S.K.: 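Here you go, one structure.
Throughout, a chain's letter reflects where its sequence line sits, starting with A, and its residues are numbered from 1. Model, not experiment: these values are computed from the prediction. Only heavy atoms go into these numbers, but all of them, side chains included; no hydrogens, no water, no symmetry mates.
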Amino acid sequence: MDPRLNIIDKRFENVKRIIAVSGGKGGIGKSLTASALALLLTKQGFRTGLLDLDFCGPSDHVILGIEGVFPEEDKGIIPPEVLGIRFMSITYFAGYNPVPLRGSEVSNAIIELLAITRWNELDFLIIDMPPGTGDPALDIIRLIKRVEFLIVTTQSRVALAVAKKELQVLKELGIPVAGVLENMRLKEQSAVKEELSCFEVPFLGSILFDYSLEDALGDPLKLLKTDFAVELEKIVKALC
Amino acid sequence: MDPRLNIIDKRFENVKRIIAVSGGKGGIGKSLTASALALLLTKQGFRTGLLDLDFCGPSDHVILGIEGVFPEEDKGIIPPEVLGIRFMSITYFAGYNPVPLRGSEVSNAIIELLAITRWNELDFLIIDMPPGTGDPALDIIRLIKRVEFLIVTTQSRVALAVAKKELQVLKELGIPVAGVLENMRLKEQSAVKEELSCFEVPFLGSILFDYSLEDALGDPLKLLKTDFAVELEKIVKALC
Amino acid sequence: MHEWALAESIVFTVNEEAVKEKLKDITMVKVKVGELQQIELDIFKFALENVLPLSSIPLNMARIDIEIDESTLKCNVCRNEWNFRDAAGKLPEEESEAIHFIPEVAHIYMRCPRCGSPDFEIAKGRGVWIDYIEGER
Amino acid sequence: MHEWALAESIVFTVNEEAVKEKLKDITMVKVKVGELQQIELDIFKFALENVLPLSSIPLNMARIDIEIDESTLKCNVCRNEWNFRDAAGKLPEEESEAIHFIPEVAHIYMRCPRCGSPDFEIAKGRGVWIDYIEGER
Ligand SMILES: Nc1ncnc2c1ncn2[C@@H]1O[C@H](COP(=O)(O)OP(=O)(O)O)[C@@H](O)[C@H]1O
Ligand SMILES: Nc1ncnc2c1ncn2[C@@H]1O[C@H](COP(=O)(O)OP(=O)(O)O)[C@@H](O)[C@H]1O
Ligand SMILES: [Mg+2]
Ligand SMILES: [Mg+2]
Ligand SMILES: [Mg+2]
Ligand SMILES: [Mg+2]
Ligand code: NI
Ligand code: NI
Ligand SMILES: [Zn+2]
Ligand SMILES: [Zn+2]
């Protein structure tokens, strides 16, 4: 019997909303959305946590420029508060090293993190998901009862095809979808909203491709001033 | 004892080179590179196979506009020849449905595919890898003795951080790297080549962000005429 | 007939094992064929008989014992257990053929009958498996 | 001391099981602590003693048997087997502390001693585990 499974619910007892930023495909801006979302919610006065679950390609610490912090050990581990955000990432334990884990091991590591991390009181916990509908997605669905998904996609046919598959699984399982966000829009027209209308999930809006974004990575103040963040802030208001 | 593990070598007996297109991160153009590479090699007269191993987000059939084909059953399964390419994908068995598989199941499905697919004589087999260094990457390294990796990255800090990790694992394990390809370059300057120089792998070149690409998806003739394909063709010559 | 490919894998494995264990004679090979893969025993035996000549060590059908392995599917969400047989009747032919090729696609076409989840484990009865190989040195 | 969190999970699991199995009294809880996680038994017992009051069913340390579970690591590439103990001495403190928190990061800091692969399985001795719970209805 794995005792850790029975403590996870208790760890989220005082977390009001849990939002997993997902989308099936990689490189659509999940990590950027999750990181900026955490920053913006904190700015608006919400107590916010950010959990980077992309163990093979963790990016939130790069995007937010987080370095040199480590959780405190106290009846579990307490995520350090950085930029006002309670931040948890595999990088505390993996450093800059590659993380060549098989799915069952990713699953085990996720269970361990969920079982020992004490988030305490939070208004929002944002979970940055890896691509795919493998172990991390299945575990978050299985282990966190109140999770909602925020689906990111681009207008690209390859991204849309994958987003549809994830939405189909979530719909079938009755997992709430907080909304769909179109990212990196390049053209005037986009069929994303219509293409996904059959899933009956809120369409949160489109964010344009932002050429200034790359230079803002690692610098939270700059990040908040990008068009990306300004657009996301409008969208966040619809979420709260 | 899993008998399938002992037949895999034999299945690749008559395949001259096996190139896994990888890069750790999602959305950097692995599938586009793998698909266009297969098209270009075929065009140059090489007998080419393409194996899409991204089970959660298969894209090669979307990129190449492949539909309505199925493998032939003959002492195993023989990948249908489409556009001159021997093409194998999970979509033959999964259709347009979501593929919610855990890592161990992805691994099992990959082993089954490798054990029953008869590629026969090929000059090149291109493998389109999913993001990450999970089961698919570990299995390809473990099961296909002669595999070489082609690493795709963008200039983005988040992509480069992940590419470095994958290169580090490959270097440590002594897996040959055919080269690194920079994709979706937006700026005049890029530090990709210098950033990766310590790994001592061939830098194959940079491909610019191509605004006409999206409209060419699904149409191989159009795809071959994009700047992306024209640039890739020059790079391919260095590979052969 | 893709059973041929799996039959070949049996012969290659027996040969590999014979070399590794320095066996001069194979006395018994116990093969389990998982129910999920829906392999017809006659077809599989026919294929196996035809690939036996590939073997570098003498091997004949009398020394190969093939048994169907019943399946157990276990839900990772609600811990329910069930088997493929009871659920298989409802699958369209195309879907059960896909499972025949790649048993893992069961997760695409089947759901836990109790909670509806695709997140279950194929605990037993997946596909072709060698239980043991006996021989003499 | 993150052992506290794992100790809590033991108590919660015993309680859950007691409800599910309608147990009125717990007579024995067998806990295994995987070698890989390098938990000091004294610290763990101290934590457990302190969280016992959280239990809704009477529970005391005399009824909890804690045993260290030796580790077995198995290479997926070359099939070599080894254990953490023999290899652990060479790890820098920071790395073995990381393994203490998340045993899976062993794949980052350790390699198969025979073939050098990070692709191995933690077959046994990972972390905190309940072997069985005995009680009376
Ligand atoms: N709206 C945007 N405009 C321009 N670049 C973007 C935008 N959103 C994300 N990016 C860039 O795309 C890349 C992938 O983003 P990331 O958040 O890491 O994606 P994912 O987490 O889905 O893999 C990063 O280099 C990021 O800076
Ligand atoms: N050079 C490029 N210029 C513009 N878009 C590109 C380029 N390369 C890839 N893309 C687009 O980026 C997206 C991700 O590409 P894809 O090949 O699916 O990445 P991956 O397989 O790494 O996830 C697709 O929409 C694709 O059309
Ligand atoms: Mg990400
Ligand atoms: Mg991330
Ligand atoms: Mg891809
Ligand atoms: Mg693909
Ligand atoms: Ni068949
Ligand atoms: Ni500790
Ligand atoms: Zn169930
Ligand atoms: Zn090894």
S.K.: Of all heavy-atom pairs between B/Gly76 and C/Trp4, which one has the smallest distance, and what is that distance?
M.R.: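 Nearest pair, atom of B/Gly76 first, then C/Trp4: N-CB, 4.5 Å.
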S.K.: Which bit of B/Arg4 comes within less than 4.5 Å of chain C, counting heavy atoms only: side chain, backbone, both or neither?
M.R.: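 Its backbone and side chain both get close to chain C.
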S.K.: Non-hydrogen atoms of chain B under 4.5 Å away: do they reach the side chain of C/Asp119, the backbone, both or neither?
M.R.: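 The answer is the side chain of C/Asp119.
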S.K.: So how far is it from B/Asn108 CG to C/Ile102 CD1, rounded to the nearest 0.5 Å?
M.R.: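 Taking CG in B/Asn108 and CD1 in C/Ile102, the distance rounds to 9.5 Å.
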S.K.: Below 4.5 Å from any heavy atom of chain C, which atoms of B/Leu101 appear? Answer side chain, backbone, both or neither.
M.R.: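 Answer is side chain: those atoms of B/Leu101 sit under 4.5 Å from chain C.
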S.K.: Nearest 0.5 Å please: distance from the OG atom of C/Ser9 over to the CD1 atom of B/Ile8.
M.R.: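 CD1 of B/Ile8 is found 9.5 Å from OG of C/Ser9.
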S.K.: Do the non-hydrogen side-chain atoms of C/Glu104 and B/Arg102 ever get within less than 4.5 Å of each other?
M.R.: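 No, too far: nothing below the 4.5 Å cut-off.
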S.K.: Let me confirm one number: the CZ-CD1 distance from C/Phe101 to B/Ile77, rounded to the nearest 0.5 Å.
M.R.: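 So the CZ of C/Phe101 and the CD1 of B/Ile77 are separated by 6.0 Å.
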S.K.: Taking side chain as everything from C-beta outward and backbone as N, CA, C, O, which of these in B/Pro98 sits under 4.5 Å from a heavy atom of chain C? Side chain, backbone, both or neither.
M.R.: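 B/Pro98 touches chain C through backbone heavy atoms alone.
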S.K.: Measure across C/Ala5 and B/Ile116 and return the closest heavy-atom pair with its distance rounded to 0.1 Å.
M.R.: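 Result for this residue pair: CB-CA, 3.9 Å.
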S.K.: What part of B/Asp74 is in contact with chain C, defined as an atom under 4.5 angstrom from a non-hydrogen atom: side chain, backbone, both or neither?
M.R.: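 Backbone only.
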S.K.: So, are B/Arg11 and C/Glu8 salt-bridged, with charged N and O less than 4.0 Å apart?
M.R.: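 Salt bridge present between B/Arg11 and C/Glu8.
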S.K.: More than 12 heavy atoms of other residues, nucleotides or ligands under 6.0 Å from CD of C/Glu40: is that the case?
M.R.: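 No, CD of C/Glu40 has 12 or fewer neighbouring heavy atoms, counting only those of other groups under 6.0 Å.
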S.K.: Which bit of B/Ile90 is near chain C, if near means a heavy-atom gap under 4.5 Å: side chain, backbone, both or neither?
M.R.: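 For B/Ile90, the contact with chain C is made by the side chain alone.
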S.K.: Heavy-atom distances under 4.5 Å only: say whether B/Ala94 touches chain C with side chain, backbone, both or neither.
M.R.: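 Both parts, backbone and side chain.
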S.K.: Counting only heavy atoms closer than 4.5 Å, note whether C/Val128 contacts chain B via side chain, backbone, both or neither.
M.R.: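 Contact with chain B: backbone and side chain both.
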S.K.: Given the rule in the side-chain contact (heavy atoms from CB on, under 4.5 Å) test, do B/Met1 and C/Thr13 qualify, once you have shown the distances and angles that lead to the verdict?
M.R.: CA-CA 8 Å; B/Met1 240 173 303; C/Thr13 302; 4.0 Å; yes
S.K.: Would one find more than 12 heavy atoms of other residues, nucleotides or ligands at under 6.0 Å from atom CD of B/Glu13?
M.R.: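 Correct, the count exceeds 12.
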S.K.: Taking 4.0 angstrom as the limit, do B/Glu112 and C/Arg126 come out as a salt bridge?
M.R.: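 Salt bridge between B/Glu112 and C/Arg126, a charged N being under 4.0 Å from a carboxylate O: yes.
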S.K.: How long is the gap from NZ on B/Lys75 to CG on C/Leu6, to the nearest 0.5 Å?
M.R.: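 That separation rounds to 14.5 Å.
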S.K.: Please state whether the side chain, the backbone, both or neither of C/Asn76 comes within less than 4.5 Å of a heavy atom of chain B.
M.R.: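 Looking at C/Asn76, just its side chain touches chain B.
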S.K.: Could you give the distance from CD (B/Glu105) to CD (C/Glu121), rounded to the nearest 0.5 Å?
M.R.: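 If I round to the nearest 0.5 Å, the distance is 8.0 Å.
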S.K.: Minimum heavy-atom separation for B/Pro3 to C/Trp129, with atom names?
M.R.: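 In this case the closest contact between B/Pro3 and C/Trp129 is CD-CA, 3.9 Å.
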S.K.: Does any backbone or side-chain atom of C/Glu95 lie under 4.5 Å from a heavy atom of chain B? Answer side chain, backbone, both or neither.
M.R.: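 No part of C/Glu95 comes within 4.5 Å of chain B.
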S.K.: Roughly how far, to the nearest 0.5 Å, is the CD atom of C/Glu94 from the CZ atom of B/Phe70?
M.R.: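 Between atom CZ of B/Phe70 and atom CD of C/Glu94 there are 8.0 Å.
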